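Reminder, nothing fancy here: chain letters follow the sequence lines and each chain counts from 1. Remember, predicted model here, so these are calculated numbers, not experimental data.
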Amino acid sequence: MKLSTSSLLNRSLSEKQLSRITRILFGISLILIIALSYSYNEINQELVNYSEKVNQTQQVISGLNRLSSAMYESTHHTNSYVYLHDTIYINKTLAAVYAVPKLAKKIDSLITDDGAQQKRLNSLQIHIEKFRDYTERIARPATLVNPAAVYALYRKRNQEIDSMTKLISEMNKLENQLMYTRVQSRDNYMQQVYRYNWIIMLVAVVLLSSAFILLDRELRRNRFYRIDLENKIENLNRSNSELEQFAYVASHDLQEPLRKIRSFSDRLLNRHRSELSDEAFQMLAKIDSAAQRMQNLIYDLLSFSRIVRTSADSKLINLNTILAEAKSNLSEMIMENKASIHNEPLPSIDGFGSQMVQLFQNLISNSVKYHQENIRPVIRISHRLVEGQVIPGVKPSHQNIQFHQIKFADNGIGFKKEFADKIFIIFKRLHATTEFAGTGIGLAICRRVVSNHNGYIFAESTEGEGSNFYIYLPKESMLT
Amino acid sequence: MNNGSILMADDDADDRFLVQAAFEDNRLVNTIVFFEDGEQLLEYYITENPNIPHLIFLDLNMPKRDGREVLKVIRKSDKWDNVPIIIFSTSNAPDDILASYQLGANCYLVKPSSYEELKDLILSVHKFWLRRL
């Protein structure tokens with residue numbers, strides 16, 4: 001047992017296995033302890049039974065002894081009466097004689113379950129009956145006057161006494177034997193039962209201590225994990241604050257030289273236009289546009305880093321209102337492209353309103369921006385409730401909860417299947433900047449917003465046939 | 001014709017130059033007194049008893065005393081109570097903007113990223129804050 005416990009400890013067990021083993025160990029120990037207490041109760045009853053039987057045998061033996069002494073007492077009184085002719089002994093004789101059958105009856109009630117003894121007792125009772133009859137007849141005053149009759153009755157009575165004595169001694173012997181075996185088997189039983197109980201107790205103790213060792217180990221491991229987790233949280237907080245510092249540096253210190261490059265090249269272009277050759281003018285224009293692009297990238301990086309940390313508290317927000325706000329922010333773009341947006345009623349969720357507006361806005365503006373030439377962009381937004389397990393790559397803890405699925409379907413240019421994941425990477429673009437403007441931050445922000453809400457976002461598309469974006473947001477808020 | 005006096009505190013010499021240039025290129029005639037940090041501006045504010053300026057451009061991030069401190073000091077007393085203060089900073093962080101208005105700034109302008117924009121901005125500022133004088 002101990003060996004197997006130590007080998008269990010040496011192996012590294014999964015949390016699930018460990019909890020199952022601990023439970024089994026505790027369960028078995030509990031069952032053993034219950035069995036043990038039940039068994040003690042049984043043992044007690046059995047011991048009482050054994051004692052009762054021994055006691056009964058003892059009573060039978062003492063009953064037989066009393067019977068025999070009553071028999072001899074009556075013989076003694078009869079003799080006294082016959083020799084001394086004193087009538088006082090008649091009553092004494094009769095009293096002793098009548099006691100004998102009563103004692104036999106008492107023994108009878110004690111040996112009802114023993115057939116052989118019962119048989120002997122039956123024949124004893126017949127002899128007793130005869131003994132009583134002869135003694136009564138001797139005790140009659142009329143008999144005493146006839147010595148021949150007394151002699152004959154005496155002989156007959158003595159014969160009965162002999163038979164009775166023989167039977168009594170046989171029965172006595174048997175009862176003594178019985179008593180011996182009963183005492184013996186009681187002792188055997190006790191010994192066996194105690195050994196057996198000791199083994200059960202030992203097993204229960206070993207199981208309980210194994211369970212305790214496992215639990216103790218688990219607790220220690222938990223402590224280790226907790227410390228590890230605390231360290232990780234500390235690291236995370238540190239890198240978060242570093243990121244914030246970076247955001248500040250990006251917003252101020254990195255922008256500063258770029259602003260200067262742009263401002264001075266701008267001024268150079270304006271003030272010294274006449275002194276510049278065409279080539280120099282082109283080069284300056286390129287410097288300016290590169291600097292401007294870099295400014296946009298920094299600006300977008302900054303808006304992305306701002307979304308990483310959500311300092312505001314979450315609120316119950318109606319996604320229909322959010323959609324309306326996103327549409328109104330994009331109204332100019334929607335009008336220009338003659339886009340139409342159809343939506344099913346959307347649910348309310350617990351979340352960050354401005355982030356959700358940005359999410360909807362980015363998805364809609366993408367759909368409008370990447371529309372097919374000569375086809376009016378149409379966006380259909382639908383909603384349904386789904387179980388967590390249908391979401392691809394869902395976290396195990398999210399499998400059994402319900403999610404709002406919000407689907408944005410458009411009729412745009414779409415993209416190749418293999419880009420379905422890549423488009424969510426920051427600054428990842430599928431088209432040249434000359435084709436479509438932008439830095440490629442939009443969908444990275446979308447994914448960030450969705451993961452801030454403990455949700456998931458996926459895209460699917462067939463090139464030239466439009467794309468579908470699926471957002472999954474938990475029905476019950478998990479924001480703290 | 002002088003269209004009013006302007007104070008500007010900015011640690012960046014290029015920015016000081018560009019603002020001056022923008023005024024000149026817009027053919028605006030203003031006296032602009034430049035300070036290299038907040039402390040210089042506060043010394044001017046406290047020791048001398050100058051004519052009340054018509055407008056102050058204040059950078060937020062400066063060595064020694066920054067724009068926030070300057071703003072706090074000026075808005076605490078009623079000496080320059082009616083002087084409009086424009087925060088002129090590179091930062092477009094919402095926290096900076098909110099804090100500046102709470103400290104009593106009248107306007108928050110993010111430094112434009114091109115000279116053309118700066119020129120337009122200066123013209124517009126002049127139109128709104130200075131031409132009515």
Side-chain angles (χ1 to χ4, degrees), chain A residues 241 243-273 276 281 284-312 352-355 357-358 439, chain B residues 8-28 32 34 36-38 57-64 66-68 87-100 102 108-125:
Chain A
S241 77
L243 191 71
E244 263 170 74
Q245 277 171 15
F246 162 77
Y248 186 78
V249 168
S251 84
H252 191 261
D253 298 7
L254 286 182
Q255 295 244 35
E256 202 66 33
L258 279 170
R259 203 164 51 79
K260 300 286 173 54
I261 293 171
R262 290 202 65 207
S263 294
F264 283 105
S265 67
D266 215 14
R267 202 166 137 78
L268 197 62
L269 276 174
N270 283 307
R271 276 181 75 102
H272 305 279
R273 177 73 188 91
L276 290 171
F281 180 81
L284 272 174
K286 275 192 201 300
I287 289 172
D288 187 57
S289 94
Q292 187 176 5
R293 183 160 167 71
M294 183 141 180
Q295 257 181 341
N296 289 341
L297 285 170
I298 289 173
Y299 181 79
D300 284 348
L301 200 59
L302 208 63
S303 14
F304 183 77
S305 78
R306 279 210 196 103
I307 248 168
V308 172
R309 239 171 85 129
T310 48
S311 49
F352 310 105
S354 60
Q355 290 193 11
V357 171
Q358 203 163 4
T439 56
Chain B
M8 178 172 184
D10 198 318
D11 58 320
D12 191 323
D14 293 333
D15 277 335
R16 296 199 297 267
F17 169 77
L18 286 168
V19 167
Q20 174 93 55
F23 269 93
E24 282 167 13
D25 288 351
N26 279 317
R27 294 173 204 290
L28 301 168
I32 310 178
F34 290 105
E36 287 173 23
D37 54 55
F57 279 101
L58 199 55
D59 187 17
L60 272 188
N61 298 303
M62 291 183 288
K64 293 178 188 172
D66 67 14
R68 296 170 197 82
I87 299 296
F88 194 57
S89 165
T90 350
S91 165
N92 59 356
D95 290 352
D96 284 338
I97 298 171
L98 187 69
S100 301
Q102 279 171 347
Y108 190 106
L109 297 175
V110 178
K111 287 177 183 170
S113 54
S114 77
Y115 180 70
E116 281 306 298
E117 282 172 62
L118 178 67
K119 233 173 92 178
D120 292 348
L121 185 81
I122 291 298
L123 191 62
S124 144
V125 165

J.: So which part of B/Asp12 gets closer than 4.5 Å to some heavy atom of chain A, the side chain, the backbone, both or neither?
T.: side chain

J.: Say whether, by atom type as modelled, one donor and one acceptor occur between the side chain of A/Asp266 and the main chain of B/Ser114 under 3.5 angstrom.
T.: no

J.: Is it the case that more than 12 heavy atoms not belonging to A/Tyr299 sit under 6.0 Å from its OH atom?
T.: no

J.: In Å, rounded to the nearest 0.5 Å, how long is the span from OG of A/Ser263 to CG of B/Asp15?
T.: 7.5 Å

J.: Any chance the side chains of B/Thr90 and A/Gln255 put a donor and an acceptor closer than 3.5 Å?
T.: no

J.: Relative to chain A, which segment of B/Leu18 carries a heavy atom at a distance below 4.5 Å: side chain, backbone, both, or neither?
T.: side chain

J.: Is there side-chain contact between B/Lys119 and A/Asn270, with heavy atoms separated by less than 4.5 Å?
T.: no

J.: Please report the interatomic distance CG(A/Asn296) to OG(B/Ser113), rounded to the nearest 0.5 Å.
T.: 8.0 Å

J.: Let me know if B/Ala22 has heavy atoms under 4.5 Å from chain A in its side chain, its backbone, both or neither.
T.: neither

J.: State the NZ-NZ distance between B/Lys111 and A/Lys260, to the nearest 0.5 angstrom.
T.: 7.0 Å

J.: Is there a side-chain contact between A/Arg259 and B/Tyr115 (heavy atoms, below 4.5 Å)?
T.: no

J.: Calculate, to the nearest 0.5 Å, the distance between atoms CG and CZ belonging to B/Leu118 and A/Arg262 respectively.
T.: 12.0 Å

